[in-house]
Structures are given as C-alpha cells and as structure tokens.
Amino acid sequence: MKNRVINTTVLIFVMMVATSCKKFLDTKPTDFLAPLTYFNTKEQLEYGIASVYDILQNGNLYGNNLLHMYALEADEGFHSRTSPASGPHIYDFTASNTYTTNYWSILYQGIGRANLLLENVNKNEAIDVSIRNKIRGEALFLRGYFHFLLAQNFGGVPLILKTVTSPFDVEKPRATLKETYDQIVKDMTEAEGLVADIREIGFGGRVSKSAVRGILARVYLNMAGYPLNETARYEDARFWAKKVMDDGAAAHSLNPSFANVFINYAQDKYDVSESIWEVEFKGNGGDAFAETGLVGYQNGPGSTNPLTGIALGVIRATADFYQKFAAGDLRRDWTIASFTYAATGESGTKNYITSTSRQQLYLRHSAKYRREYETVLPKSSSAGPINYALLRFSDVLLMFAEAENEVNGPTQDAIEAVNKIRKRAWSTGIKTISITNGGTGYTTTSLPIITFSGGNGSQASAVAVVNGTTKKVTGITFVKDAVIGQLNGKDYTSAPTVAITGGAGTGATATATIYTEDDYKLTALETGSPEAFRNLIRDERSRELGFESLRKSDLIRWGIFLQRMEDIRTVMTAEIATNQYFYTRPYVNVKEKNLLWPIPEKELALNRALEQNPDWK
C-alpha cells in the first residue's frame, strides 16, 4: 500500500491563475472548491498537501519527461532514439519548445497550490497545531523545491509567494538568481523546524527533517558553485549534510546492497535508512486509485517482453561512464545493463552481453530501474509503480565529503564518508583465478567442473575454458549475473581452494585471489590534496548517482559542463558506428547557452515584465 499522500484522492481546488502567470480569471468558477469554504478540517488539509505532492508525479517532471527528455545524464548517457527530432534532450530547441514550457508551467502550478495551502493552513485553529505545522512545513519546503528546480534550469525566476487573485498581478519580473536562492533557503530553513522526523513518518514519500536538511545541502552546493560562486556556502552545505549524518534518531545508514535500493523502489518497500526522499507511484493503471509513472519504461533496459515489462530503453550509457568503474565495483552492472532482455520467456529472461569494446559499450542501457522487479500484476504496457529516488543517504555522504574538502581539505571524516560508500559498492568475492597447470587430455565437449571451497565465502559459480588443440584448461570464467555482473561469490575472508575435476582430462590446477579493503579504500594519491580529492568525488558522484537526474547540474556548478560534453563528443564521434550517428547529437549540438533553458516564449507573451536569458534573445 502506498502512503497516504498519494492514496488520498487529489482534489484540484484552486484557480490556476498563478500556475504559470497566465492571464485568465474565471469569475464564476465551477470546477474547484473555494478556499472560503475549504481547509476547515484535518482531512481537507491533507487533501491540500496531497495536491502539492502530486506535482512531483506529473508527466512533465518525474512521472515521465524528467527521466529522459532533459539531457540530465550529460556525460553519463544520452537519448538514443531518433525521435523527437528536436528538443532539450539533444540541445536543439527554441523558447517555444513544449517540454521546457510545460516544465515551467507545472512547477508554477505546484507553487500556486503550495501558496494557497500556506494561506489557509491555520484557518481553523481548532485543528491540532502540530498537524498544521507539519503541513505548513511540507508546503514551504515543496514551494522552495519547485523554485529550486526552476532556478537550476532557468536562472533567476519570478518569486511567486502568494496566491494570484487578479489578472493584474501576473506581470512580475524575474528575481535575480541570488534572490531566488535566498528565498529557497528561507522556505526550506523554516520548513526544517516544522516537518516530522523521518522515523515518525516511516516512509520516504513525505518530506521529513532529513529530506529538508539533505536538499538544503544540495541547494548550498549549487550556490557555492557556478554561476553564483558563493564559496562560503560550502560551510553551509557541510553543516546541513552533517546534520543528517549525526541525527541519531533518524539513524541513517547505507543499505548493504546497492541493487536492493532500487529493487525496493520497484517493489513498494521502504528503507528510510537509505532512501530519504522519493517520488511515489502506485498501481498499474487498472483502477481509479492508481498513480502510475513511467519510471523503468523510459529509463530502464529495453524490453518487448510483457512479462518482464515493456520498456523503451531510451537512455544508453557512454563508454566513458562505463569505464569509470573499476573491477570489483558492483555498481557498474546494476547501473549499466550487462544484458538485453529476451523477447519471450518468464519475467527477467536475459541474454548477456560479452563484448566490452568501446564501440559496443554505447549500446548498453541505463539499468537502475528495472520493470522485471515490479510486483503489481499484470504489468501495464507502459506505466507502473516504480518509485524514483530524489535523495539517498549516499548522496548526503558525498555532499558532506565535497563540502568538507572545500572547507578543510581531505580530512579523515571526508575520506571515511566516501569509503563507506565504496565499501558497500565493492565485491567481497573472488578477484582473480590463475591457471597454475593446464593439465592434459581436456576437450571442449566434456568440460571439467569447477568448485570452490573454504575462505568462508559462498555463491561463486564458474566454468572452465579449454583449448581444443592443446587439450589444456586455459582459463576459468564466472557465470554471468544481472545484479553483480558475475557470480564470483561473496563474503570471502581468505582465498578459497579451486578444484578442477571431471571432464575428459586430468591434472589441471588453479589458484584464486579475493577482493580486500585495499581494493575499495581510497589511495594516498586520491586523497593527497584538495584537488585530487575533488576530482575523485566528482567521479564518485557519477558512479554512485548515475542516471538519477543529478549529473548535468553537478557539472554546471563545478564549471566543467561544456568541457565534459566536448570530451565525450571528441571520443564518441571517433568511436561510434555510422548507423548510430544520432547518438552524438547532444554532444555535437550543445553550446554555452545550454547552461540555462530559455524563458518560455509563451510566458514572455503573458508576462511583459519577464526578460529572456541573454544567450537566447
């Protein structure tokens, strides 16, 4: 059962004159509940806040377009379909583009709903003050978050802080970017003292103190970087991230399994230790209470098998992103598909990819959100119940490490925060197998059996490779696995004994090594200076948070977005196959003006006080 925020019927009870500064005002509305007669009960306040949360699930945000149409993957991946032929996904669009116009519009609609609720939340003082305070805090935070999304993509925007009640109130100029961020901080800081603790809430779909604190850290990191470059804000980012980390009551920690974080999102399971804030979806569209999204359908591995779940496989990874992961990093084959789904068979039937050539790497799909794990049956042909991550504890640890490094350098606390994430990410299985004696008399038609014993580990599974000419065992390969890449076992504390038995031959022997702390822990070279540690964190954020809609904004605030896009263009145009030329479109098209989106042409016409971003005039 999904939480009450989206289980409750969402009531659209407000005139939408404030949603995107549109100049219309129906003086005799017939399709909404007027504030004069509403917000009188606890239930009505809950309906009101549900309508604000509902914006997050909208198709112009996390319900669809934000998953694939806004090129937020940057150097991690790209929109791999030939259509649409223009749009923000390939940095080829104008101020009249529907996607960016709708993005602006839906966020202002959310701001309008939050404002109406804020103006009426204390209308009935007989409602318990703690209830009113929590709802007020959530509305304040969401208003701030919607302004934050606008600021990241458009720069300074009109600050709408009260319900628009007259068509003459819509001509509002843009605030500066500094003023916009200051208001975001004001709303979120006030909200932090009002919203509930995450353990009291019990799920990640509602705004908690931990969510507010973590997003405030993100906001301050954006302020510290380009274009504001308020470097003093690193201290604020460090403060808020540390507050999440030090909250003993919230007791945040990493899920022991990186893959299980995302399996939980598909199976409606909550883990507030790791997943601090998430957009919730529900059902399969088969009943009136469904609140479905296209998570997995748009941004998961492609599939034509209805039992697995139909998925378009829109986003593919760059070869550079794939090769950021070291051997033993289990995040790689969960983040980037090591397989293709079979067209038939039971749910999750796969064909494993064997080639790792640079050219072939561009064919691999983003894979964090996999429809095979959905438990709501039957699976719809598109929309489903998979939740989408907005803030995870690993992100908080990385934000702390980044801010700490900028303030104090690569301290032990900063290094330990990153090592916690890397430890969770790393294999505890067998690292290598070396053939010490190839034996004699082996054939390819009667392979020997490989077994592992000792070392306190388990679940390793491998097959022998035999040279049919020399009749020797020349190698041992692990069985493929969709979650960790290969079944090389887990929890080994010492190297297991490798036994090669059976088959047509005799005498083959081999030895194994295992992954240890030295493989995941940061080296002295990586932590030897603030600059080295800064570069490590930038790569680590990609490895940990890839395809979670954060990469483009990270690269922009670091001031390296255009350089990274040029880097990918250079290698990709040299490596990509001729029939895949359209994969390179975002990297070829991107220009300096794409650091921001244009103010929508429609809004400029409706609000004469608005001014266009300079590079889009």
Side-chain angles (χ1 to χ4, degrees), residues 3-19 21 25 29 31-57 107-148 150 158-166 169-170 172 175 179-180 182-203 205-213 215-216 219 277:
N3 75 70
R4 289 169 294 177
V5 170
I6 67 170
N7 265 343
T8 308
T9 301
V10 176
L11 299 181
I12 308 304
F13 51 79
V14 57
M15 294 178 296
M16 294 305 173
V17 296
T19 61
C21 299
L25 180 64
D31 59 350
F32 71 100
L33 297 176
L36 185 64
T37 58
Y38 207 67
F39 302 113
N40 290 313
T41 68
K42 175 193 173 206
E43 289 73 22
Q44 289 173 347
L45 292 181
E46 289 287 354
Y47 293 152
I49 195 63
S51 77
V52 185
Y53 278 102
D54 186 63
I55 295 297
L56 296 170
Q57 299 147 353
L107 287 171
Y108 273 112
Q109 186 176 133
I111 290 166
R113 293 183 186 185
N115 285 335
L116 187 69
L117 182 56
L118 288 167
E119 291 162 6
N120 289 277
V121 68
N122 290 318
K123 181 179 176 182
N124 183 359
E125 295 186 358
I127 300 172
D128 190 286
V129 67
S130 65
I131 294 171
R132 287 183 280 130
N133 281 344
K134 288 173 187 176
I135 290 176
R136 173 177 169 77
E138 291 172 71
L140 277 169
F141 173 81
L142 289 170
R143 184 175 74 177
Y145 186 71
F146 296 150
H147 276 118
F148 177 49
L150 287 163
L159 292 172
I160 308 299
L161 305 178
K162 63 180 182 178
T163 300
V164 177
T165 57
S166 165
D169 292 339
V170 300
K172 189 173 182 64
E179 291 167 341
T180 303
D182 285 347
Q183 183 61 49
I184 293 164
V185 166
K186 182 176 184 297
D187 278 352
M188 291 187 176
T189 304
E190 184 177 352
E192 190 259 351
L194 298 172
V195 299
D197 295 330
I198 196 165
R199 295 290 172 177
E200 177 186 338
I201 296 170
F203 52 85
R206 195 153 192 167
V207 173
S208 64
K209 289 188 185 299
S210 297
V212 176
R213 293 164 180 169
I215 297 298
L216 268 168
V219 168
W277 191 31

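The analysis underlying the following values was restricted to heavy atoms, covering all of them including side chains, and did not include hydrogens, waters or symmetry mates. Fair warning: this is a prediction, and the values are worked out from it, not measured in the lab.
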Determine, step by step, whether Leu140 and Glu190 satisfy the side-chain contact (heavy atoms from CB on, under 4.5 Å) criterion, reporting the C-alpha distance in whole Å, the side-chain angles of both residues, the deciding distance to 0.1 Å, and the verdict.
CA-CA 8 Å; Leu140 277 169; Glu190 184 177 352; 3.5 Å; yes
Atom pair [atom1] ([X]) and [atom2] ([Y]), whose distance is rounded to the nearest 0.5 Å:
X: Thr189; Y: Leu194; atom1: OG1; atom2: CG; answer: 11.0 Å
X: Asp128; Y: Asn124; atom1: CG; atom2: CG; answer: 11.5 Å
X: Asn122; Y: Phe39; atom1: CG; atom2: CZ; answer: 12.0 Å
X: Leu107; Y: Arg143; atom1: CG; atom2: CZ; answer: 14.5 Å
X: Asn133; Y: Ile127; atom1: CG; atom2: CD1; answer: 12.0 Å

Derivation of the side-chain hydrogen bond (donor to acceptor under 3.5 Å, both in side chains) call for Gln183 and Asp187:
CA-CA 6 Å; Gln183 183 61 49; Asp187 278 352; 3.0 Å; yes
Are any of the side-chain heavy atoms of [X] and [Y] separated by less than 4.5 Å?
X: Leu56; Y: Phe146; answer: yes
X: Asn120; Y: Lys123; answer: yes
X: Arg199; Y: Lys209; answer: no
X: Arg132; Y: Lys42; answer: no
X: Glu119; Y: Asn115; answer: yes
X: Glu192; Y: Met188; answer: no
X: Glu138; Y: Tyr53; answer: yes
X: His147; Y: Ile111; answer: yes

For the residue pair Phe203 and Trp277, is the inter-centroid distance of their aromatic rings smaller than 6.0 Å?
no
Apply the test salt bridge (charged side-chain N to carboxylate O under 4.0 Å, His left out) to residues Lys186 and Glu179: give CA-CA distance (whole Å), side-chain angles for both, the deciding distance (0.1 Å), then the verdict.
CA-CA 10 Å; Lys186 182 176 184 297; Glu179 291 167 341; over 6 Å; no
Check against side-chain contact (heavy atoms from CB on, under 4.5 Å), Tyr145 and Ile215:
CA-CA 8 Å; Tyr145 186 71; Ile215 297 298; 4.1 Å; yes
Under the side-chain contact (heavy atoms from CB on, under 4.5 Å) rule, what do Tyr108 and Ile160 come out as? Steps first, then yes or no, please.
CA-CA 8 Å; Tyr108 273 112; Ile160 308 299; 3.5 Å; yes
Least distance between heavy atoms, [X] atom then [Y] atom:
X: Ala175; Y: Thr180; answer: CB-OG1, 3.7 Å
X: Val207; Y: Leu142; answer: CG2-CD2, 4.3 Å
X: Ser51; Y: Arg113; answer: O-NH1, 2.7 Å
X: Ile55; Y: Gly110; answer: CG1-CA, 3.4 Å
X: Ser210; Y: Ile198; answer: OG-CG2, 3.9 Å
X: Gly48; Y: Leu117; answer: C-CD2, 3.8 Å

Evaluate Leu45 against Ile49 for side-chain contact (heavy atoms from CB on, under 4.5 Å), listing each step before the verdict.
CA-CA 6 Å; Leu45 292 181; Ile49 195 63; over 6 Å; no
